[in-house]
Amino acid sequence: MDLLNQYTDNNNDPDSPSQNPNSPENSPPRLLPSRSAAPKVDDTMLALTVADPKTLSKPIDPTQHLIAFNPTYDQLWAPIQGPSHPYAKDGLAQGMRNHKLGFVEDANIEPFLFDEQHNTFLKFGYAADPSASNYVGDFDALQKNNAASVYNIPHREQKKRKIESLKKKEDNDNEEDESNNDKQGAEIENPASEAWLLKNKKSPWAGKKEGLQGELTEDQKKYAEEHAKKKGEEKSGFGGEKVEAVTDKSTFHGKEERDYQGRSWIAPPKDAKASNDHCYIPKRLVHTWSGHTKGVSAIRFFPNSGHLILSAGMDTKVKIWDVFNTGKCMRTYMGHSKAVRDICFTNDGTKFLSAGYDKNIKYWDTETGQVISTFSTGKIPYVVKLNPDEDKQNVLLAGMSDKKIVQWDMNTGQITQEYDQHLGAVNTITFVDNNRRFVTSSDDKSLRVWEYGIPVVIKYISEPHMHSMPSISLHPNANWLAAQSLDNQILIYSTREKFQLNKKKRFAGHIVAGYACQVNFSPDGRFVMSGDGEVASSGTEQSSNMWLGRVDKVLGLGLFNDACCWN
């Protein structure tokens with residue numbers, strides 16, 4: 001209650017602001033004038049526009065800097081009209097200038113189109129107007145050239161014009177030369193004139209001009225013949241050696257070439273039949289064939305029957321030996337001037353190929369010893385192979401020292417294909433996948449798979465840890481490849497689509513680093529046999545090793561010397 005009374009007392013106080021009308025708190029609020037942020041617009045021009053509608057069609061003076069009304073699009077882009085500007089010679093105000101010659105208007109045009117029209121105007125005198133669909137310049141030339149530009153003149157027309165211009169230029173030059181000759185005719189005869197000095201000017205280093213060489217004297221002819229003969233001997237030599245021409249010949253060492261029934265000596269014996277297809281580990285030395293005076297680089301069994309062995313020697317000779325009966329040399333083939341590198345039988349064994357370091361590949365008749373044909377590219381063939389298909393026995397593939405695999409058609413003697421992808425000399429050629437593809441190895445430490453007849457690699461196998469593989473052999477079931485790697489191991493690759501390395505089948509334990517030892521499978525595919533480069537001593541004799549392994553485990557070692565047969 002005390003609070004209420006106090007509140008009523010305050011309201012009745014005459015000195016309170018509410019009871020005093022003159023107090024500042026009871027004065028009315030003061031209102032400030034409103035201000036607009038928009039600039040003041042002079043509506044005089046707008047009133048004139050309403051009064052005179054022609055004002056909207058008049059162009060804007062380019063000299064004025066302020067427009068008091070909203071002009072239309074037509075007014076902004078209307079051309080300048082009226083009298084010239086009083087302070088400019090060409091009638092343009094200073095504000096309209098952007099070039100020393102006046103006002104240059106920008107145009108959006110491609111550089112190529114601009115160059116085309118510019119060059120067309122310079123050459124023909126007309127060009128297309130970029131601001132309109134018409135032409136400017138010489139209309140007579142426009143009709144004569146059918147409005148063609150310098151870039152779309154037909155080729156034959158260009159050639160014709162070029163010939164005409166050259167003829168015209170030659171005619172002008174001839175006319176100038178004739179006029180100059182007429183003028184200088186008298187001056188050339190005068191030693192005091194500059195024309196005579198220019199004609200008879202001679203360099204202090206100029207010697208006497210010798211006349212044309214006549215016929216050679218006898219001494220010159222003799223010297224030229226000796227020089228050509230010497231050059232020919234140097235080119236034909238290998239490593240500075242002189243190469244003698246070797247005639248192709250053959251010597252038969254048997255009793256008779258045909259028996260009483262007329263059968264050839266290369267025919268397999270009738271009683272030679274395989275008693276067991278199962279292969280066993282060799283245990284003892286059966287026979288040694290001796291006849292080569294130097295090392296044996298390759299041996300091949302006679303196809304299908306195996307009753308003969310063909311051997312290639314470093315003594316430039318190829319020999320064929322009897323296996324089933326006497327074990328003697330039956331025939332010697334002599335035709336290479338250097339060591340023989342590789343040999344290859346045809347499917348029936350009646351013919352074979354030999355590749356030598358004399359850069360020749362010879363195709364021999366096994367029975368008669370005659371050379372049927374010779375092939376050469378000027379490079380050393382390292383491996384020769386015939387296509388195993390019966391209908392392609394005339395196709396020869398040779399891996400060369402110049403990194404190429406060359407394919408010949410032996411019927412015509414022509415090179416039909418070259419496979420050129422390796423980076424080193426080609427060492428082996430092995431046909432796989434029903435003879436549709438073949439695998440090659442090289443000194444570039446890689447394997448490449450080719451489609452037969454197509455010089456494009458379909459599979460490239462190269463790893464940093466890989467070594468060169470000088471020998472590759474195909475498993476009897478044609479599903480695997482055994483590759484002799486120079487890091488002392490034999491690697492197994494699949495012949496299927498991916499040609500993957502079988503990491504679980506790796507044969508090691510022999511030493512082949514630095515030696516091109518060969519590798520092969522047993523006929524039943526159970527064993528792997530390889531040469532070994534390690535030298536073993538036995539008394540006073542030294543012999544190489546033969547390393548024999550089973551497909552699932554290593555079995556043992558045996559010794560052999562020369563060409564040996566194991567039982």
Side-chain angles (χ1 to χ4, degrees), residues 228-251 253 289-300 309-321 329 331-345 351-366 369-386 396-408 410 413 415 422 424-429 440-443 468 470-471 514-518 531 533 544 562-563:
K229 186 177 179 181
K230 185 178 179 181
K231 284 291 183 182
E233 291 177 355
E234 291 179 357
K235 290 183 179 179
S236 61
F238 178 73
E241 299 179 1
K242 294 183 179 180
V243 179
E244 297 180 359
V246 178
T247 58
D248 300 330
K249 60 181 180 178
S250 175
T251 304
H253 305 289
W289 290 274
S290 298
H292 287 287
T293 58
K294 293 184 179 180
V296 180
S297 58
I299 57 174
R300 299 288 183 268
I309 284 182
L310 188 69
S311 62
M314 305 297 285
D315 56 356
T316 73
K317 298 178 182 178
V318 178
K319 293 179 178 289
I320 191 165
W321 314 78
C329 179
R331 186 179 282 277
T332 301
Y333 306 91
M334 295 167 285
H336 289 281
S337 60
K338 289 186 177 296
V340 183
R341 166 80 183 201
D342 193 25
I343 48 179
C344 179
F345 269 117
K351 300 176 182 63
F352 70 90
L353 289 164
S354 65
Y357 284 98
D358 58 356
K359 305 177 184 178
N360 290 326
I361 301 173
K362 293 185 180 291
Y363 189 42
W364 300 82
D365 188 300
T366 309
Q370 294 180 351
V371 175
I372 302 172
S373 56
T374 303
F375 310 95
S376 177
T377 61
K379 303 296 180 180
I380 300 174
Y382 282 175
V383 57
V384 288
K385 187 73 70 174
L386 287 172
L396 160 65
L397 275 77
M400 313 302 289
S401 61
D402 60 348
K403 315 171 190 177
K404 294 180 181 180
I405 300 128
V406 184
Q407 177 178 318
W408 275 279
M410 293 192 295
I415 296 176
H422 276 293
V426 181
N427 294 324
T428 64
I429 300 174
T440 59
S441 65
S442 170
D443 287 344
S468 180
S471 177
Y515 300 93
C517 297
Q518 296 182 8
S544 300
D562 292 332

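Values below: all heavy atoms of this structure, side chains included; hydrogens, waters and symmetry mates excluded.
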From CA spacing to verdict: side-chain contact (heavy atoms from CB on, under 4.5 Å), Trp289, Cys329: CA-CA 8 Å; Trp289 290 274; Cys329 179; over 6 Å; no

Validation row: His422, Ile405 side chains within 4.5 angstrom (heavy atoms): yes

Donor-acceptor under 3.5 Å (Asp358 side chain, His336 main chain): no

Asp342 side chain to Val384 backbone, donor-acceptor under 3.5 Å: yes

Ser442 side chain to Gly424 backbone, donor-acceptor under 3.5 Å: yes

Inter-residue atom distance Leu386.CG - Leu396.CG, 0.5 Å rounding: 6.0 Å

Any donor-acceptor pair under 3.5 Å from Asp315 side chain to His292 backbone: no

Heavy-atom pair with the smallest gap, counting every atom of Arg300 and Ile343: NE-O, 3.3 Å

From CG (Asp443) to NZ (Lys403), nearest 0.5 Å: 10.5 Å

Spacing of CD belonging to Gln370 relative to CG belonging to Asp365, to within rounding of 0.5 Å: 6.5 Å

Over all atoms of both residues, closest heavy-atom pair of Ala398 and Trp408: CB-CZ3, 3.8 Å

Nearest-0.5 Å distance, OG of residue Ser376 to CD1 of residue Ile361: 7.5 Å

Spacing of Trp364 atom CH2 and Ile372 atom CD1 [to the nearest 0.5 Å]: 10.5 Å

Contact summary for Gly356 and Ile380, nearest pair of heavy atoms: O-CG2, 4.3 Å

Any donor-acceptor N/O pair, Thr428 side chain to Thr440 backbone, under 3.5 Å: no

Non-hydrogen atoms of Cys344 and Lys385 that approach each other most closely: SG-CA, 4.1 Å

Test item: Ser311 side-chain N/O and Lys319 main-chain N/O as donor-acceptor pair under 3.5 Å: yes

Student check: side-chain heavy atoms of Tyr333 and Thr366 closer than 4.5 Å: yes

Check: Ser297 side chain, Met314 main-chain N or O, donor-acceptor pair, under 3.5 Å: no

Donor-acceptor contact below 3.5 Å, side chain Thr316 vs main chain Ala339: no

Euclidean distance, Thr332 OG1 relative to Trp321 CH2, rounded to 0.5 Å: 7.5 Å

Arg341 charged N/C atom sitting above Tyr357 aromatic ring, 6.0 Å / 45°: no

side-chain contact (heavy atoms from CB on, under 4.5 Å) assessment of Val318 paired with Phe352: CA-CA 11 Å; Val318 178; Phe352 70 90; 3.9 Å; yes

Exam field: side chain Ser441 to backbone Asn427, donor-acceptor pair closer than 3.5 Å: no

For Gly399 against Ile429, the heavy-atom pair lying closest together: N-CD1, 3.7 Å

Where Met410 and Phe375 come nearest, the two heavy atoms and their spacing: CG-CZ, 3.5 Å

